[in-house]
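What follows is a set of notes on a single structure, which appears directly below.
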Amino acid sequence: MTTTERIERHHYDVVVIGAGGAGLRAAIEARLAGKRTAIISKSLFGKAHTVMAEGGAAAAMGNVNSNDNWMVHFRDTMRGGKFLNNYRMAELHAKEAPDRVWELETYGALFDRTKDGKISQRNFGGHEYPRLAHVGDRTGLELIRTLQQKIVSLQQEDKQEYGDYEARIKVFAETTITELLTDDDNRIAGAFGYYRETGQFVLFSAPAVVLATGGVGKSWKVTSNSWEYTGDGHALALRVGATLINMEFIQFHPTGMVWPPSVRGILVTESVRGDGGVLRNSEGKRFMFDYVPDVFRNQYAETEEEADRWYTDPDNNRRPPELLPRDEVARAINAEIKAGRGTPHGGVYLDIASRRSPEYILKRLPSMYHQFKELADVDITKQPMEIGPTCHYIMGGVEVDPDTGAAGGAIQGLFAAGEVSGGMHGSNRLGGNSLSDLLVFGKRAGEHAAKYASSLTSRPQVKPSDVDAAVETALAPLSRSGENPYAIWHDLQQVMQDLVGLIRRKSELEESLKQLADLKDRVAKVAATGGRRFNPGWHLALDLRNMLLVSECAAKAALTREESRGGHTREDYPTMDPAWRQVNLVCSLDAGSGEVVITRKPVPAMPPELLLLFDRAELAKYLTDEELADYDRALAEARLNKLDGSAAAKEATL
Amino acid sequence: MKRHFRVWRGDATGGRLEDFQVEVNEGEVVLDVIHRMQATQAPDLACRWNCKAGKCGSCSMEINGMPRLACMTRMSTFADGETVTITPLRTFPVIRDLVTDVSFNYEKAREMPAFAPPPNLRPGEYRMQQVDVERSQEFRKCIECFLCQNTCHVIRDHEENKRAFSGPRLFIRAAELDMHPLDARTDRKDFAQSAQGLGYCNITKCCTEVCPEHIKITDNAIIPMKERVVDNRYDPLVFLGRKIFRRRGLDEPAPPSPARQPAAVVPQTTTLDEQGRLPLSEFTFERPGAPSPYGEDVQFPLPADGISYHHPSEERPEIDQARD
């Protein structure tokens with residue numbers, strides 16, 4: 001090694017990057033499999049963005065409506081994602097979510113209860129039955145605290161056995177990974193990063209790495225995401241040869257705060273609508289009835305009377321259109337604002353004050369009450385809220401094997417779970433499916449990372465030259481005199497907000513790529529003043545490179561996909577195209593030029609037993625004629641076996 | 001409009017208040033102003049933050065001397081022309097600028113025995129009533145901002161008490177588990193008394209006052225825990241049993257948990273009423289806050305020779321060796 005600095009080294013079996021829900025769940029599983037596990041967290045332990053999740057964790061436990069089961073949940077998830085989802089992930093997710101939620105109770109979680117003492121479940125957009133296990137509107141906090149405390153309890157076991165809390169699982173708080181390291185056979189060998197507190201470098205030698213770094217929202221101006229969401233995992237994966245899919249699909253949550261400016265983008269939970277809140281424009285009109293798309297026409301109420309009856313009698317009435325999937329609601333709000341029917345601060349009204357009693361609102365939405373009272377000086381039991389779309393979640397991410405979470409492309413030993421992985425949610429995620437996603441696939445990624453580590457006969461070795469290069473890259477901004485990272489960041493957010501936002505156009509996307517290229521040159525010359533000890537300017541300078549890379553993926557993929565679907569709306573191609581439904585756009589990094597390359601790959605086709613869970617009439621809205629012919633064949637075959645469609649499915653999957 | 005701010009900058013070796021003139025817009029909070037300082041004047045100003053919505057508890061600091069979350073402190077709450085002074089949390093060692101080393105809280109959390117699942121129930125079989133879980137849920141609202149820990153005068157400026165005292169954040173954790181309908185352990189309050197230093201707390205309610213989640217730390221967690229500790233410790237039958245049969249174990253904490261540190265020596269209470277209870281009620285007392293459980297004649301800090309303090313290296317020599 002040529003650097004003069006001595007670099008702290010740690011040896012682990014599994015290194016989990018990210019300490020949100022997915023990361024902690026993966027770490028628990030790896031540790032339970034007997035592996036020495038490190039958890040690397042950019043923030044303090046327990047501060048991850050998962051705490052922001054409000055609504056709940058979707059799991060078909062059937063506690064509130066016994067008609068619910070995994071097949072209904074699977075159907076809802078596929079519908080929500082406009083059938084672009086990886087069917088196997090949606091299937092595993094729907095089947096395993098209840099077990100993962102129940103497991104949390106054994107770790108000490110305290111969910112809200114039904115009258116008979118089971119976990120209560122609430123309604124949410126796109127879910128046919130009340131399905132979200134919740135704790136008021138702070139479910140994410142409960143989840144992260146529960147997993148955090150489970151890790152502590154594992155550490156206590158280790159303390160008893162080995163005399164050291166950190167014998168088998170250790171949390172490296174406020175530590176950022178800047179590079180993944182591989183050996184000559186493209187196997188993961190370790191990870192390199194720095195302690196934020198001291199600025200000292202640290203090298204983890206490990207054969208298996210689980211990425212659980214969350215999303216990319218900080219590249220947009222109006223976002224509900226925290227500073228950590230700089231797309232680290234996406235970029236780390238790309239740079240070691242893994243591939244990303246569905247990067248054009250970004251969820252703009254329909255209800256973010258719009259006023260005051262300092263809280264612009266902060267989330268207002270969907271539960272407000274699930275518990276009776278409605279959207280109105282400046283004329284007082286409940287406008288969502290005008291925006292129910294044909295594909296959802298049969299499932300949503302046509303009159304306010306029917307919609308209002310649904311809250312108390314869901315079996316005999318259809319759902320209010322406020323509970324359409326998020327992409328639909330966000331577009332509707334956008335259209336109302338554009339048509340000049342917005343509020344003074346450029347949003348629309350979300351009104352629960354006129355529809356529910358103050359006691360009910362305080363009981364069901366305590367943290368929303370708190371948030372508006374303290375941040376906007378609005379009493380939501382008396383006044384409507386002003387809300388508008390905010391960048392919230394990226395459906396795209398690391399292309400993974402559905403069963404193991406192993407990353408695709410030319411890399412071994414890399415796993416991904418949670419928001420950083422792609423495929424599960426297709427083109428649009430349903431609310432509540434994220435918390436359950438990170439439990440289900442966090443567990444799977446941890447389990448299979450441990451298995452992979454056990455299967456190796458030799459430990460992949462870190463190449464010293466890679467470490468030298470990583471040190472050089474990390475220190476470069478400190479020794480340059482160049483541009484302030486905050487200025488570049490600000491410009492990047494403006495580009496993504498204006499040109500790669502909720503509604504996209506060809507010309508704007510092309511323009512965005514030009515501007516991103518300019519930004520790339522500026523990022524290469526970014527400078528940070530000050531020293532290495534807890535220096536946010538330096539940290540941002542290093543994060544910029546990742547933000548830029550994922551922004552380029554999103555813009556390129558958005559330009560390539562010439563249709564509108566879920567979290568990707570093209571003004572110049574306003575409808576869904578069944579041919580595009582069969583295509584995933586895969587991003588990879590060209591090793592020579594450092595450019596993002598987009599290739600097309602078929603979406604895996606659903607096997608007959610899952611396909612037959614849907615009505616033909618519904619599938620006809622999404623599938624091509626050839627695919628429908630396959631459906632008819634499968635149905636005929638099922639009938640031949642004297643079983644109807646759904647019975648055949650049950651048979652096949654039991 | 002530009003306003004005047006004073007921000008503490010420095011590290012463990014020392015520092016000073018620096019003056020800033022910063023633009024402030026309508027509706028902004030202190031954290032917005034700090035971000036503007038970073039973006040325009042001091043890119044390396046160290047400050048923790050995450051969610052910017054009062055949900056993660058990262059941006060704890062002292063604003064005009066009050067422990068606050070910077071993201072929840074609106075600029076409109078200050079008078080026109082008032083200088084806003086921002087300093088790091090005082091109870092924890094400074095790392096740099098507004099960032100402090102809060103590892104004390106994580107260490108104490110690790111000593112707290114975890115939830116013990118009921119042995120006879122499998123996952124999915126848990127049944128609890130809403131009214132029963134709500135008591136613990138109040139404490140699980142905690143966002144771990146550690147403002148209560150920062151403001152608690154038992155450890156604020158009393159480094160020497162940190163070893164024996166876990167602080168309000170961990171008392172509500174103990175209360176939460178104590179009130180958890182299915183937690184299999186029965187020694188939560190004993191643990192709070194013997195290993196967490198609950199006895200040090202003299203209920204001045206400062207923690208409740210600064211809690212951004214409005215958790216009633218003192219009334220709903222600490223006082224009920226103290227009352228039940230007292231019930232048990234001064235139960236006359238238990239007392240007699242202990243005296244006559246020398247059944248020392250009768251009110252001792254349950255078998256030590258795996259994580260248990262050597263129990264701290266807790267000062268014994270002296271002022272008991274005729275029922276053997278601590279006179280805890282603040283309603284009947286002439287001044288705010290309860291009387292000191294150590295008696296009114298004890299002054300803090302205690303003289304050094306009155307404290308049973310053991311340097312950690314005496315008990316765990318392996319640690320010092322490992323560090324060498």
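Proteins come first, then strands; the chains are lettered A, B, ... in the order of their sequence lines, and each starts at number 1.
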- Message: Quick check on B/Ala116 against chain A: is it the side chain, the backbone, both or neither that has a heavy atom closer than 4.5 Å?
- Response: neither
- Give the member of B/Leu31, B/Leu121, B/Val133 that has the highest number of heavy-atom pairs under 4.5 Å with chain A. B/Val133
- Query: Salt bridge or not for A/Lys47 and B/Glu144, using N-O below 4.0 Å?
  - Reply: no
- Mind ranking A/Asn63, A/Thr106, A/Val51 by heavy-atom pairs under 4.5 Å with chain B and telling me who comes out on top? A/Thr106
- Query: Is there a donor-acceptor contact under 3.5 Å from the side chain of A/Gln156 to the main chain of B/Met112?
  - Reply: yes
- Among the options B/Glu28, B/Arg122, B/Met72, pick out the one with the most heavy-atom pairs lying under 4.5 Å from chain A. B/Met72
- Item | Engaged part of A/Arg533 at the chain B interface, taking heavy atoms whose separation is under 4.5 Å | both
- Query: Is there side-chain contact between B/Gln129 and A/Arg113, with heavy atoms separated by less than 4.5 Å?
  - Reply: no
- Message: I need the residue from A/Gly530, A/Pro536, A/Gly537 with the largest number of non-hydrogen atom pairs under 4.5 Å to chain B.
- Response: A/Pro536
- Task: Answer yes or no: are there more than 12 heavy-atom neighbours, outside B/Glu26 itself, under 6.0 Å from its atom CD?
- Result: no
- Atom CG in A/Asp112, atom CD in B/Gln130: separation rounded to 0.5 Å? 4.5 Å
- May I ask you to check whether over 12 heavy atoms, not counting those of B/Arg135, lie within 6.0 Å of atom CZ? no
- Message: Check this for me, if you would: do B/Arg110 and A/Glu166 make a salt bridge, where the nitrogen-to-carboxylate-oxygen distance has to be below 4.0 angstrom?
- Response: yes
- What are the two closest non-hydrogen atoms of A/Leu375 and B/Cys71, and how far apart are they? CD2-O, 3.3 Å
- With only heavy atoms counted, which part of B/Arg173 is less than 4.5 Å from chain A, the side chain, the backbone, both or neither? side chain
- B/Asp44 and A/Thr529: side chain donor to acceptor below 3.5 Å: no
- Ranking A/Gln148, A/Met61, A/Glu142 by heavy-atom pairs under 4.5 Å to chain B gives rank one to A/Glu142
- Which bit of A/Lys373 is near chain B, if near means a heavy-atom gap under 4.5 Å: side chain, backbone, both or neither? backbone
- Indicate the atoms forming the closest heavy-atom contact of A/Leu110 with B/His180, along with that distance. CD2-NE2, 3.4 Å
- Task: Would you check if the side chain of A/Trp227 reaches a backbone N or O of B/Trp49 as a donor-acceptor pair within less than 3.5 Å?
- Result: yes
- Query: Can you list the steps and then say if A/Tyr165 with B/Glu111 is a side-chain contact (heavy atoms from CB on, under 4.5 Å)?
  - Reply: CA-CA 10 Å; A/Tyr165 287 116; B/Glu111 292 163 13; 3.9 Å; yes
- Any idea which of B/Asn25, B/Asp183, B/Ile143 has the most non-hydrogen atom pairs under 4.5 angstrom with chain A? B/Ile143
- Message: Is A/Tyr229 close to chain B through its backbone or its side chain, or both, or neither, when contacts mean heavy atoms under 4.5 Å?
- Response: neither
- Greatest number of non-hydrogen atom pairs under 4.5 angstrom with chain B, of A/Gln371, A/Arg196, A/His370, A/Met257, falls to A/His370
- At a heavy-atom separation under 4.5 Å, does A/Glu161 approach chain B through its side chain, its backbone, both, or neither? neither
- Query: Looking at A/Glu174, A/His490, A/His539, which makes the most heavy-atom pairs under 4.5 Å with chain B?
  - Reply: A/Glu174
- Salt-bridged, A/Lys363 to B/Glu134, with N to O below 4.0 Å? yes
- Note on the structure: Closest non-hydrogen atoms of B/Tyr106 and A/Phe45, given as atom of the first, atom of the second and distance, are OH-O, 2.9 Å
- Non-hydrogen atoms of chain A under 4.5 Å away: do they reach the side chain of B/Pro118, the backbone, both or neither? neither
- Task: Using non-hydrogen atoms and a 4.5 Å limit, figure out which bit of B/Val131 sits close to chain A: side chain, backbone, both or neither.
- Result: neither
- Message: For the backbone of B/Cys142 and the side chain of A/Arg145, can you confirm whether one donor and one acceptor N or O come within less than 3.5 Å of each other?
- Response: yes
- Check each atom of A/Glu228 against the heavy atoms of chain B and say whether the ones under 4.5 Å are side chain, backbone, both or neither. side chain
- Task: With a 4.5 angstrom heavy-atom cut-off, could you sort out which part of A/Thr146 is near chain B: side chain, backbone, both or neither?
- Result: both
- Query: Looking at SG of B/Cys56 and CD1 of A/Ile144, how far apart are the two atoms once the value is rounded to the nearest 0.5 Å?
  - Reply: 11.0 Å
- Item | Pair A/Glu197 + B/Arg96, salt bridge at N-O below 4.0 Å | no
- Message: To check you understand the geometry: which heavy-atom pair defines the closest contact between A/Met52 and B/Ala53, and what is its length?
- Response: CE-CB, 4.1 Å
- If one checks every heavy atom of A/Lys150 against chain B at 4.5 Å, the contacting part turns out to be neither
- Non-hydrogen atoms of chain B under 4.5 Å away: do they reach the side chain of A/Trp489, the backbone, both or neither? neither
- Which bit of B/Asp32 is near chain A, if near means a heavy-atom gap under 4.5 Å: side chain, backbone, both or neither? side chain
- Query: Going through the distances and angles, do A/His49 and B/Lys55 end up as a side-chain contact (heavy atoms from CB on, under 4.5 Å)?
  - Reply: CA-CA 9 Å; A/His49 203 55; B/Lys55 290 203 167 76; over 6 Å; no
- Atom pair NZ (B/Lys141) and CG (A/Leu141), whose distance is rounded to the nearest 0.5 Å: 10.5 Å
- Counting only heavy atoms not in A/Glu103, do more than 12 fall under 6.0 Å of its CD? yes
- Query: Can you say whether B/Val99 sits under 4.5 Å from chain A via the side chain, the backbone, both, or neither, judging by heavy atoms?
  - Reply: side chain
- Message: Just by distance, no angles: are the side chains of B/Arg140 and A/Gln149 close enough, under 3.5 Å, to form a donor-acceptor pair?
- Response: yes
- Check each atom of B/His35 against the heavy atoms of chain A and say whether the ones under 4.5 Å are side chain, backbone, both or neither. neither
- Query: Roughly how far, to the nearest 0.5 Å, is OG of B/Ser76 from CG of A/Asp377?
  - Reply: 7.0 Å
- Which pair of heavy atoms, one from A/Phe534 and one from B/Ala46, lies closest together, and at what distance? O-CB, 3.2 Å
- Nearest atoms (heavy-atom pairs only) where B/Ala39 meets A/Asn484: O-ND2, 3.0 Å
- Query: Under 3.5 Å, side chain of A/Tyr486 to main-chain N/O of B/Gln38, donor-acceptor pair present?
  - Reply: no
- Task: Considering only heavy atoms and a distance below 4.5 Å, find which of A/Gly108, A/Pro98, A/Pro260 pairs most often with chain B.
- Result: A/Gly108
